[in-house]
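Quick caveat, the model's predicted, so the values are computed rather than measured. Atom set for the values below is all heavy atoms of this structure, side chains included, hydrogens, waters and symmetry mates excluded.
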Amino acid sequence: MSNIKRVAILIVVVALVALVGESFNGSNILDRAIVLGIGIDATEDGLELTAEVVSPGNGTEQVGTFSKTVSVTARAIGEAMQRVAEKTGKEASLGQCVVLILGQDYYEQKDFSDTIEYFIKHDSFKESAVICCCEGTAKDLLNRGDALSQSVSLSVATALLDEAENVAIYTNNLLDFARSQSELHCTGFLNKVKFVPSENKDAQDPDKMQGFFSYSEMAIFRKNSYVCALNEEEVMGMALFFKDVTGDTYVCDDDGLLKTLKVNDKQIEQKLTDDGGMEINITLSVRFGRTDSEEVSGAITAKKDKEIAQKLLDDVQKQATELANKFLAKQAEYNFDLIKLHESYRRKQGTSSELANKPTADFPIKLTLKVEEN
């Protein structure tokens, strides 16, 4: 059972316990504010921490399965968590926290190594929790629950974990990100979440904000410091270099008809050449795509009853190669390394400060991309 499903069940249990909580004095759960998600923003003197919590009522407090947000300011994370406890009147429990969100001013302007260290070393905070960043403030993002009519923390974590395989989102958790910042070239990424307002057609509540979250961009970091952002096309190009990320879709023109092809499988070979260069061979297996509500509601799934013309395979090959080269160009320009070029050379040459500091642009890359019908 996934952590997200466990949290959803826990919310229901909390609501039920709260209904009878006054009959059981001293129950531990009534003394806890269960944190589902944490957002961190920058202030002049430190930070503002926003926690989305589910807290059982104790008499006058209204009880339900919906969460609420609590925001506090402090100089450091530990102090902020203590103030969350003071503000809620309950101990802040991090054992069910599924997402950590960094606000734009915080991750673009600060080295947040101390934040990563705090949560990695925390006794109950799960290393498997999603870590991401957002456009604007994390506080505003976590307060979009009314627009979604559901928990923001659970929505973000579900999209970045459970739906990643369907829509080719490459995602990161706390442990993986922390490791990326200490590897040879100290490069990592965070998914960038953005709230996109949509038209409200609810005649009974015309003033209610409605919208959805977009996950099409990423932010790049070296040693927990911001480097640059990847746009949607560069993110698509990046995803091509990871074999466990499929679901990419390509729209091709077939004599005036637009047809969608989906990547169902991928093979990647990355090796050093005798002349000291890097050779990367990518093979994409594709099928015609369609929307099939019976299998996965809203997801692009595959048909098996049509043969794909060679010109369509060539079109996908052209589009994918352009996207891959856009990503490689951005990586070389800003000197980050998400496809572990430095690590590949380390295995052959050994670890050295010269290799660790070698600019990514200095690695010659020969890319070959093929597309075949699955």
Side-chain angles (χ1 to χ4, degrees), residues 1-8 10 34-42 47-53 74 76-81 84 92-104 106-108 110-134 137-139 141-142 151-165 169-193 213 215 217-227 230 238 242 244-245 336 338 340:
M1 184 182 297
S2 69
N3 288 337
I4 296 173
K5 291 179 180 178
R6 292 177 187 275
V7 172
L10 179 64
I34 300 168
V35 179
L36 302 180
I38 292 174
I40 304 174
D41 295 302
L47 58 90
E48 182 175 29
L49 184 146
T50 301
E52 183 178 10
V53 300
I77 298 294
E79 181 183 24
M81 292 307 305
V84 170
S93 175
L94 299 182
Q96 301 300 326
C97 187
V98 294
V99 66
L100 172 62
I101 305 172
L102 306 182
Q104 191 167 358
Y106 190 75
Y107 72 80
E108 286 189 356
K110 293 180 177 291
D111 177 334
F112 50 87
S113 299
D114 54 345
T115 298
I116 299 299
E117 182 178 6
Y118 175 88
F119 288 108
I120 282 289
K121 292 183 176 180
H122 197 284
D123 291 337
S124 61
F125 193 89
K126 288 182 171 58
E127 295 175 337
S128 58
V130 173
I131 177 172
C132 60
C133 60
C134 68
T137 68
K139 179 180 180 178
L141 192 77
L142 285 171
S151 162
V152 170
S153 299
L154 297 181
S155 298
V156 171
T158 299
L160 292 179
L161 290 177
D162 290 357
E163 297 180 10
E165 294 182 1
I169 296 176
Y170 193 58
T171 190
N172 229 343
N173 61 38
L174 178 64
L175 180 59
D176 287 343
F177 180 77
R179 285 175 172 170
S180 74
Q181 301 304 284
S182 60
E183 292 176 345
L184 191 61
H185 202 55
C186 303
T187 301
F189 73 92
L190 294 179
N191 299 88
K192 190 173 181 180
V193 184
F213 288 142
Y215 309 91
E217 298 181 357
M218 288 184 177
I220 307 301
F221 300 87
R222 285 195 67 200
K223 299 180 180 179
N224 296 315
S225 294
Y226 178 72
V227 175
L230 301 185
M238 167 190 163
F242 298 92
D244 57 340
V245 181
F336 60 88
L338 291 183
K340 300 187 182 299

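With hydrogens and angles disregarded, no donor-acceptor distance shorter than 3.5 Å links the side chain of Glu52 to the backbone of Gly37. Remark: the backbone N or O of Phe336 is not paired with any side-chain donor or acceptor of Arg222 at under 3.5 angstrom. Here the side chain of Lys126 pairs no donor or acceptor atom with the backbone of Gln96 at under 3.5 angstrom. The backbone N or O of Ala138 lies less than 3.5 Å from a partner atom in the side chain of Asp41, making a donor-acceptor pair.
Between the SG atom in Cys132 and the CD1 atom in Ile101 there is a gap of 4.5 Å [rounded to 0.5 Å]. To the nearest 0.5 Å, atom CZ of residue Phe112 and atom CD1 of residue Ile131 are 6.0 Å apart. Atom CD of residue Glu127 and atom CG of residue Leu175 lie 4.5 Å apart, to the nearest 0.5 angstrom. One distance of note links CG of Asn172 with CZ of Arg179; it measures 11.0 Å at 0.5 Å rounding. Here the straight-line distance linking atom CE of Met81 with atom NE2 of His122 works out to 6.5 Å at 0.5 Å rounding. Summarising the geometry, atom CD belonging to Glu79 is positioned 8.5 Å from atom CG belonging to Leu47; distances are rounded to the nearest 0.5 Å.
Considering all non-hydrogen atoms of both residues, Tyr170 and Met218 come closest at O-CE, 3.0 Å. A pairwise comparison of heavy atoms in Ala129 and Val99 identifies CB-N, 4.5 Å as the closest pair. Residues Cys134 and Gly103 approach most closely at SG-CA, 3.9 Å, considering heavy atoms. The shortest non-hydrogen separation linking Leu142 to Gly39 is CD1-N, 3.5 Å.
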- [ ] Run the numbers on Tyr215 and Thr171 for side chain to side chain contact (heavy atoms under 4.5 Å, CB included), then give the verdict.
- [x] CA-CA 10 Å; Tyr215 309 91; Thr171 190; over 6 Å; no
TODO: Walk me through it: do Asn173 and Leu161 pass the test side chain to side chain contact (heavy atoms under 4.5 Å, CB included)?
DONE: CA-CA 9 Å; Asn173 61 38; Leu161 290 177; 6.0 Å; no
Task: Check against side chain to side chain contact (heavy atoms under 4.5 Å, CB included), Thr137 and Thr50 - done: CA-CA 10 Å; Thr137 68; Thr50 301; over 6 Å; no
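Contact check for Val130 versus Val98: no side-chain heavy atoms found under the 4.5 Å cut-off. Within the 4.5 Å cutoff, the side chain of Phe125 has heavy atoms near those of the Leu174 side chain.
Applying the side chain to side chain donor-acceptor pair (under 3.5 Å) criterion to Lys110, with sequence neighbours excluded, gives no partner residue. For the side chain to side chain contact (heavy atoms under 4.5 Å, CB included) test, residues two or more places apart in sequence or in another chain that qualify with Ala219 are Tyr107, Cys133, Phe221, Tyr226. Residues that satisfy the side chain to side chain donor-acceptor pair (under 3.5 Å) test with Asp114, not counting sequence neighbours, are absent from this structure.
If you check the side chains of Tyr106 and Thr115, you find a donor sitting under 3.5 Å from an acceptor.
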